[in-house]
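Take a look at the structure below.
As the structure lists them, so they are numbered: ligands from 1, and atoms in each ligand from 1.
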Amino acid sequence: MTDLSPDHPAASSPSVAEAFARARHRISRAARAAGRPDEDVVLVAVTKTQSDAAVEAALAVGQRTFGENRVQEAQARWAGRKAVLPDLNLRLIGPLQTNKVVDALRLFDVIETLDREKLARALAEAGSKLGVRPRVLVQVNTGAEPQKAGVLPGEAPALIAAARALDLAVEGLMCIPPVDEAPGPHFALLAKIAAREGLGVLSMGMSDDYETAVRFGATHVRLGSALFGPRSKPAP
Ligand SMILES: *Cc1c(COP(=O)(O)O)cnc(C)c1O
């Protein structure tokens, strides 16, 4: 809470507050157009690389659900705040290494990036050590992109079954469609796998495509730049 940068445009509260209002309005509109109640869709504010002032501005408008993609960066930003804000909901949306699972489970409410059985086993083991039942989403590489994390669509059922057998709380699926393709078919594929597996949570849609994601059934949209402006550092 020392890195206040009041001159940064993204850090000024009015603009962050306006951006939240705009995003919430668009989410409601897209939900209603799809015949869904707007409270079906949770706005996840992605605060990776953002300034402390931006985080405070989000908290000031009542935002409590946040996504982060790195464990250590998230600890620095959220560990102190978590102690005083019991209603925070923190979601890991970046890759998780097995040697960080204990730290991750201490901080995060939900791990959205379960993508391999080894990680499922590590989470189960850490969960029993900490006395918590890990809540997870399985990340699906819907575009089968070689450089992207996530299980291939055809392998998702086996990973879901393995995670359930380890008594992880598998709540749903998450995806990041290829940047150069229309996202709709990827969202549709994720929704189809979730329906077959009886999973209710669909984390899909980012700043450029969240309205489309809501139309395809997203329950969680992950917005960074639409809320806070461009990130200061490129994200991996
Ligand atoms: C950074 C990130 C986001 C937010 O991206 P924006 O395009 O800024 O909305 C969403 N999901 C994941 C997994 C991310 O890493």
Side-chain angles (χ1 to χ4, degrees), residues 8-11 15-16 18-27 30 41-51 54-55 57-58 61 63 65-78 89-97 100 104 107-116 119 135-143 145 147-151 156 171-184 186-187 189-190 201-236:
H8 193 281
S15 76
V16 170
E18 280 165 27
F20 271 91
R22 204 178 316 124
R24 286 184 181 138
H25 172 73
R26 289 190 179 162
I27 290 167
V41 185
V42 177
L43 169 57
V44 179
V46 178
T47 37
K48 65 185 184 203
T49 79
Q50 296 298 341
S51 69
V55 172
V61 299
Q63 180 68 27
T65 303
F66 294 91
E68 289 281 350
N69 69 340
R70 291 175 179 206
V71 176
Q72 267 165 308
E73 181 188 340
Q75 278 174 324
R77 188 168 291 123
W78 291 109
N89 182 284
L90 300 178
R91 312 177 69 92
L92 180 66
I93 60 171
L96 178 57
Q97 296 167 289
K100 298 224 177 96
L107 186 67
F108 290 100
D109 297 283
V110 178
I111 309 294
E112 295 204 2
T113 51
L114 175 62
D115 60 356
R116 58 199 190 281
L119 180 58
R135 297 168 57 194
V136 301
L137 307 186
V138 168
Q139 182 177 358
V140 182
N141 185 358
T142 56
E145 295 173 278
Q147 82 288 2
K148 195 164 273 175
V151 68
E171 298 185 344
L173 305 177
M174 177 270 215
C175 77
I176 309 170
V179 286
D180 54 352
E181 287 181 29
H186 295 274
F187 297 150
L189 174 58
L190 200 73
V201 172
L202 283 173
S203 173
M204 56 189 197
M206 304 172 30
S207 290
D208 291 334
D209 56 18
Y210 65 98
E211 289 163 287
T212 305
V214 169
R215 282 196 287 276
F216 280 93
T219 61
H220 292 70
V221 292
R222 311 178 306 266
L223 304 192
S225 47
L227 300 173
F228 302 112
R231 281 180 284 279
S232 42
K233 295 176 271 180

Q.
Using a 4.0 Å cutoff against the non-hydrogen atoms of I176, which atoms of ligand 1 qualify?
A. 13 (C)

Q. Going by the order shown, which atoms of ligand 1 are within less than 4.0 Å of some heavy atom of R222?
A. 4 (C), 9 (O), 10 (C), 11 (N), 12 (C), 13 (C)

Q.
Applying a heavy-atom cut-off of 4.0 Å, say which part of D208 lies close to ligand 1: side chain, backbone, both or neither.
A. neither

Q | Partners passing side chain to side chain donor-acceptor pair (under 3.5 Å) against S203 (at least two apart in sequence or in another chain) | A | E112, R222

Q.
What I want to know is whether G224 and ligand 1 share at least one N or O pair that is separated by under 3.5 angstrom.
A. yes

Q) Hey, is the main chain of G94 close enough, under 3.5 Å, to the side chain of T113 for a donor-acceptor pair? A) yes

**Q.** Those residues that, when tested against E145, pass side chain to side chain contact (heavy atoms under 4.5 Å, CB included) (two or more places apart)
**A.** N141, Q147, K148, P178

**Q.** Option whose closest heavy atom lies nearest to atom 9 (O) of ligand 1, chosen from S207, S225, P230, S203
**A.** S207

Q. Is any side-chain heavy atom of V41 less than 4.5 Å from a side-chain heavy atom of Y210?
A. no

Q. Does the side chain of L43 come within less than 4.5 Å of L227's, by heavy atoms?
A. yes

Q: Answer side chain, backbone, both or neither: which part of L223 comes under 4.0 Å from ligand 1, heavy atoms only.
A: backbone

